[in-house]
Engineer: 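Here it is, the structure in full.
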There are 2 protein chains.
Amino acid sequence: MSRSVPGATRRADARQNVEKIVDAAIDCLSRSSDASVVQIAHAAGVGRVTLYGHFPSRDSLIEAALTRLLAQGDEVLEDLDLTGDPRTALDTLIRSSWLLIAQASAVLEAAQTVLPPGRIHALHARPEQRVRDLITRGQAEGVFRGDLPASWLASALHHVLKGAAADVANGTLDPEDAPRFVTQIVLAAYTPRA
Amino acid sequence: MSRSVPGATRRADARQNVEKIVDAAIDCLSRSSDASVVQIAHAAGVGRVTLYGHFPSRDSLIEAALTRLLAQGDEVLEDLDLTGDPRTALDTLIRSSWLLIAQASAVLEAAQTVLPPGRIHALHARPEQRVRDLITRGQAEGVFRGDLPASWLASALHHVLKGAAADVANGTLDPEDAPRFVTQIVLAAYTPRA
DNA sequence: TATAACTCGAACACTGGTGTTTGACTTACC
DNA sequence: GGTAAGTCAAACACCAGTGTTCGAGTTATA
């Protein structure tokens with residue numbers, strides 16, 4: 001099985017299957033946060049036993065899915081230029097990563113019930129910090145309101161993003177409109193009081 | 001059992017227990033949307049068999065909890081004066097019902113996985129319509145922005161409300177601050193573009 | 001091509017939930 | 001005070017999911 005020496009090189013098809021499984025896990029968990037191992041294995045086009053050959057438990061698979069998603073997210077954020085006007089920076093941030101973030105928070109929900117809180121926090125600390133930095137910078141420059149704590153502004157963004165994803169999933173919101181709607185709501189919400 | 005003639009008067013302690021069970025269901029389901037019948041029965045201080053004596057299934061109990069919550073919510077909305085400035089109306093609406101709405105959406109989440117969509121929609125149609133009316137009136141009066149559909153404004157309010165409740169539940173947000181923070185975010189988000 | 005790595009279906013044990021029955025007990029209410 | 005109504009613990013059948021084992025078959029790769 002894959003449970004050999006850590007540094008050992010595994011067969012190509014095995015590595016490929018691991019990828020397929022994680023992909024399928026992200027896909028299934030995004031749709032329903034309590035997707036079963038059977039569903040995920042089937043979606044990956046792989047037998048259940050094979051899955052357990054690569055991941056010792058459902059929990060570890062969820063952790064792998066979350067890790068991959070957050071790593072991707074961090075990578076996207078890394079490539080963005082967020083140094084200009086905080087408002088346009090926020091706009092580009094939302095536009096370029098909203099789907100990813102939405103998926104991540106769906107998988108995150110699955111993880112909440114299964115992984116220790118500390119582990120979860122450690123995993124999404126980096127991307128979260130980036131958003132937080134952008135917000136506090138905006139506040140310092142007087143472009144974002146300073147009468148509410150940055151943590152709440154970040155939280156509100158998160159909730160709207162997640163909610164928009166849910167709306168898209170259940171057909172209430174056109175995916176075409178989603179990022180624009182989110183941006184406009186959030187930018188207005190962040191504007192200093194007149 | 002309670003399963004006798006529809007109009008028959010049941011014993012006082014039985015009626016009382018039904019109340020206790022629904023209370024406990026709301027309480028438990030608000031905390032975790034997949035609370036078990038055992039947990040709910042225990043929280044109600046009642047045996048499992050007694051619970052099944054009053055509700056034929058877990059699903060029917062969830063429906064009862066949701067119905068009661070939404071009826072309460074509608075009652076609260078009914079008593080409010082929402083005829084003045086839409087902004088202050090929205091403020092009073094949020095302040096007086098935010099906890100109720102937050103609970104309702106937690107129970108709603110439990111219901112999503114269990115009740116037919118049509119049933120759910122029928123149940124929370126009235127309170128939702130009231131909020132919708134307030135928003136469209138605000139838009140008509142030019143106090144709320146008209147460049148985004150009312151459905152999305154309502155949806156965003158819902159998501160922020162629900163998210164704030166989640167933050168309070170996990171200790172990230174002071175329950176004292178919550179309604180004010182929500183109001184300020186949402187009012188700003190609803191303000192017409194300058 | 002030989003062999004180790006991998007896949008996979010079938011069957012198993014285990015857990016935790018739902019819903020039911022039984023029979024003895026308690027209690028509201030006439 | 002008698003009785004119907006209600007409570008409840010224990011035990012049951014059932015189901016769906018997790019995780020494991022086995023053994024036979026397939027395939028990458030050296």
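All values derive from a computational prediction rather than experimental measurement. Each chain gets a letter, A, B and so on, in the order the sequences are listed, and its residues count up from 1.
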Engineer: Whole angstrom is fine here: how far is it from CG in A:Asp34 over to P in D:dA16?
Structural biologist: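 Interatomic distance, CG of A:Asp34 to P of D:dA16: 14 Å.
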Engineer: Are a donor atom and an acceptor atom from the side chains of A:His54 and A:Thr50 found within less than 3.5 Å of each other?
Structural biologist: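 Their side chains do not contain a donor-acceptor pair, so the 3.5 Å distance test is not met.
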Engineer: Are the side chain of A:Ser57 and the backbone N or O of A:Ser60 linked by a donor-acceptor pair below 3.5 Å?
Structural biologist: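 It does hold such a pair.
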Engineer: Classify the nucleic acid contact of B:Arg58 as base, sugar-phosphate or nothing, counting any heavy atom under 4.0 Å across all strands shown.
Structural biologist: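 Contact class for B:Arg58: sugar-phosphate only.
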Engineer: Quick check: on DNA chain C, is the nucleotide nearest B:Arg15 upstream (toward 5') of the one nearest A:Val46, or the reverse? Name the residue that is more 5'.
Structural biologist: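 Its nucleotide being nearer the 5' end, the pick is A:Val46.
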Engineer: What is the distance from NE2 of A:His54 to C1' of C:dC6, rounded to the nearest Å?
Structural biologist: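 So the two atoms are 8 Å apart, to the nearest Å.
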Engineer: Taking NZ, NE, NH1 and NH2 as the nitrogens, is one of them in A:Glu141 or A:Arg137 under 4.0 Å from a carboxylate oxygen of the other?
Structural biologist: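 A salt bridge is present here (some side-chain N lies under 4.0 Å from a carboxylate O).
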Engineer: Taking the side chain of B:Arg48 as its heavy atoms from C-beta onward, which of D:dA11, D:dG6, D:dT18 lies nearest to it?
Structural biologist: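 The listed nucleotide nearest to B:Arg48's side chain is D:dA11.
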Engineer: I'd like to check A:Ile21 versus A:Val18 (side-chain heavy atoms, cut-off strictly below 4.5 Å). Are they in contact?
Structural biologist: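 SC-SC contact between A:Ile21 and A:Val18 ruled out.
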Engineer: Measure NE2/A:His42 against P/D:dA16 and give the value in whole Å, please.
Structural biologist: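 Checked: the NE2 to P distance equals 17 Å.
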Engineer: Between C1' on D:dG6 and NZ on B:Lys20, what's the gap in Å once rounded to a whole number?
Structural biologist: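 Atom NZ in B:Lys20 sits about 12 Å away from atom C1' in D:dG6.
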Engineer: Take B:Ala35 and A:Asp13, find for each the nucleotide of DNA chain C with the closest heavy atom, and name the residue whose nucleotide sits nearer the 5' end.
Structural biologist: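 The residue closer to the strand's 5' end, by nearest nucleotide, is A:Asp13.
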Engineer: Report the nucleotide, chosen from D:dT27, C:dC8, D:dC8, that has the shortest atom-to-atom distance to any side-chain atom of B:Val49.
Structural biologist: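 The answer is D:dC8, which lies nearest to the side chain.
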Engineer: Starting at OH of B:Tyr52 and ending at C1' of D:dA10, how long is that distance when rounded to a whole Å?
Structural biologist: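 Interatomic distance, OH of B:Tyr52 to C1' of D:dA10: 16 Å.
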Engineer: Take atom CG of A:Asn17 and atom P of C:dA5, then tell me their distance rounded to the nearest Å.
Structural biologist: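 Distance check: A:Asn17 CG to C:dA5 P gives 17 Å.
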Engineer: Of the nucleotides D:dT18, C:dG19, D:dT7, which one has an atom closest to the side chain of A:Val38?
Structural biologist: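 It is D:dT18.
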Engineer: Given D:dA28, C:dT27, C:dT18, identify the nucleotide with an atom nearest to the side chain of A:Arg11.
Structural biologist: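 Closest nucleotide to the A:Arg11 side chain: D:dA28.
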Engineer: I want to verify a distance call: between D:dT7, C:dT21, C:dT18, whose nearest atom is closest to the B:Ala14 side chain?
Structural biologist: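 So the side chain of B:Ala14 is nearest to D:dT7.
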Engineer: Measure from the side chain of B:Ser57, starting at C-beta and using heavy atoms only, and say which of C:dG19, C:dG17, D:dT18 lies closest.
Structural biologist: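 Given the options C:dG19, C:dG17, D:dT18, the side chain of B:Ser57 is closest to C:dG19.
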Engineer: Just compare D:dT20, D:dA28, C:dC29 and give me whichever is closest to any side-chain atom of A:Ala12.
Structural biologist: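 The nucleotide sitting nearest to the side chain is D:dA28.
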Engineer: Specify whether B:Tyr190 and B:Phe144 have parallel, tilted or perpendicular ring planes, treating 30° as the upper limit for parallel and 60° as the lower limit for perpendicular.
Structural biologist: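 Ring orientation, 0 to 90° scale: perpendicular.
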Engineer: Between C:dT18 atom P and B:Leu51 atom CG, what is the distance in whole Å?
Structural biologist: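 The distance from CG of B:Leu51 to P of C:dT18 comes to 10 Å, rounded to the nearest Å.
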Engineer: How long is the line joining CD1 of A:Ile62 and C1' of D:dT18, in whole Å?
Structural biologist: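 Rounded to the whole Å, the gap is 12 Å.
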